[in-house]
There are 2 protein chains.
Amino acid sequence: MDHEALKTGEVAARAGVNIQTLRYYERRGLLEEPSRRPSGYREYPAEAVRIVRFIKRAQELGFTLREIQELLRLRESEKASCAQVRSAAQAKIDDIDHKLASLKAMRRALGVLVASCRSDGSVRQCPILEAIDEKEARS
Amino acid sequence: MDHEALKTGEVAARAGVNIQTLRYYERRGLLEEPSRRPSGYREYPAEAVRIVRFIKRAQELGFTLREIQELLRLRESEKASCAQVRSAAQAKIDDIDHKLASLKAMRRALGVLVASCRSDGSVRQCPILEAIDEKEARS
DNA sequence: CTTGACTCGGTACGTAGGTACAGGCTGCAC
DNA sequence: GTGCAGCCTGTACCTACGTACCGAGTCAAG
């Protein structure tokens with residue numbers, strides 16, 4: 001089993017991240033502190049690569065490192081239930097739905113503004129700037 | 001015209017921002033450096049309140065401070081054309097569309113995961129964790 | 001045994017947008 | 001004329017996620 005020990009650079013290369021990132025994850029508590037050689041060199045188990053990849057994929061799904069830390073905790077725990085994971089995923093969905101709604105509102109508002117601005121004049125009559133500027137005069 | 005001079009706290013209150021925020025905007029170059037009393041107190045024109053409100057509304061539309069700085073520059077400039085403003089707005093729309101697409105992809109993926117996880121078992125068989133974990137085994 | 005690549009810890013920097021102190025003046029109402 | 005609210009500068013801190021650099025020690029191939 002000892003032949004599976006990986007050095008920092010090897011883990012980084014296999015997981016496709018920077019070495020500093022590994023140390024950062026370790027500081028954050030996402031990556032367990034690995035054992036060390038007498039020289040201080042870290043010796044990672046092969047599992048570490050899987051964990052880093054897990055982190056990266058969870059990030060792509062929108063989870064923050066804090067949330068991923070919790071997912072990893074659940075993953076390790078024997079007692080954790082699948083329902084807890086599902087609830088974390090659902091919370092993230094709700095989160096994303098909020099962001100989507102907010103972005104869509106922005107998009108809509110900007111679309112209206114751009115559509116209102118068909119003139120080629122100076123900024124003096126720019127409907128877009130006026131709209132941002134004088135919104136309070138409208139109510 | 002002198003009776004319109006506002007102190008920092010007054011501008012902040014009328015624009016609904018923190019005093020530090022005004023100084024931050026000044027450092028960033030969004031807010032022109034106001035004149036000073038002999039004591040060093042800032043004396044803002046009433047216009048400053050309008051500018052800060054402009055900034056806040058532009059932020060709500062998704063513009064960054066850097067972009068807003070450019071919008072303010074256009075607003076001040078006599079030579080600037082409405083088309084430049086429109087193009088900034090369109091660029092921001094494209095920006096938002098990218099973010100929307102990315103968020104929707106996340107949302108879809110998470111939706112599939114949550115739907116796949118109907119079990120109430122332990123995390124050992126959690127389809128969500130497995131999906132994040134073993135994605136590379138699928139290809 | 002040398003040499004070049006690798007690793008170590010610690011710290012600083014980067015983005016984006018602020019917020020919070022500390023310590024010291026100023027302005028004004030009573 | 002005094003007391004306290006308000007303002008001044010400068011600096012540090014916050015979230016989130018890393019990156020970069022430094023000087024020093026280590027590993028392994030030739």
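For clarity, every value in this text was computed on a predicted model and none was experimentally measured.
Distance alone, capped at 3.5 Å, is enough to place a donor-acceptor pair between the R86(B) side chain and the C117(A) backbone. Proximity of a side-chain donor or acceptor of S77(B) to a complementary backbone N or O of L74(B) within less than 3.5 Å is not detected.
Salt-bridge check for E47(A) with R75(A): passed, with a basic side-chain N closer than 4.0 Å to an acidic carboxylate O. A salt bridge links E26(A) with R42(A): at least one charged nitrogen is closer than 4.0 Å to a carboxylate oxygen. Checked for salt-bridge contact, R36(A) and E43(A) miss the test: no charged N lies under 4.0 Å from a carboxylate O.
Note that the first and last nucleotides of DNA chain C, 5' to 3', having any atom under 4.0 angstrom from a heavy atom of chain A are dC6(C) to dG10(C). Of all nucleotides in DNA chain D, those with any atom nearer than 4.0 Å to a heavy atom of chain B start and finish, going 5' to 3', at dG6(D) to dG10(D).
Checking Q59(B) against S39(B), the closest nucleotide of DNA chain C that is more toward the 5' end is the one next to Q59(B). Mapping Q20(B) and Y41(B) onto DNA chain D by nearest heavy atom places Y41(B) at the nucleotide closer to the 5' end. Each of R27(A) and Y44(A) lies near DNA chain C, and the nucleotide nearest Y44(A) is the one positioned closer to the 5' end.
Considering all non-hydrogen atoms of both residues, P45(B) and L6(B) come closest at O-CD1, 4.4 Å.
Partner of R73(A) under the side-chain hydrogen bond (donor to acceptor under 3.5 Å, both in side chains) criterion, out of E70(A), E76(A), Q69(A): E70(A) alone.
Annotation: side chain to side chain contact (heavy atoms under 4.5 Å, CB included) contacts of A105(A) (sequence neighbours excluded): R108(A).
R23(B) comes within 4.0 angstrom of a nucleotide base, judged by non-hydrogen atoms across all strands.
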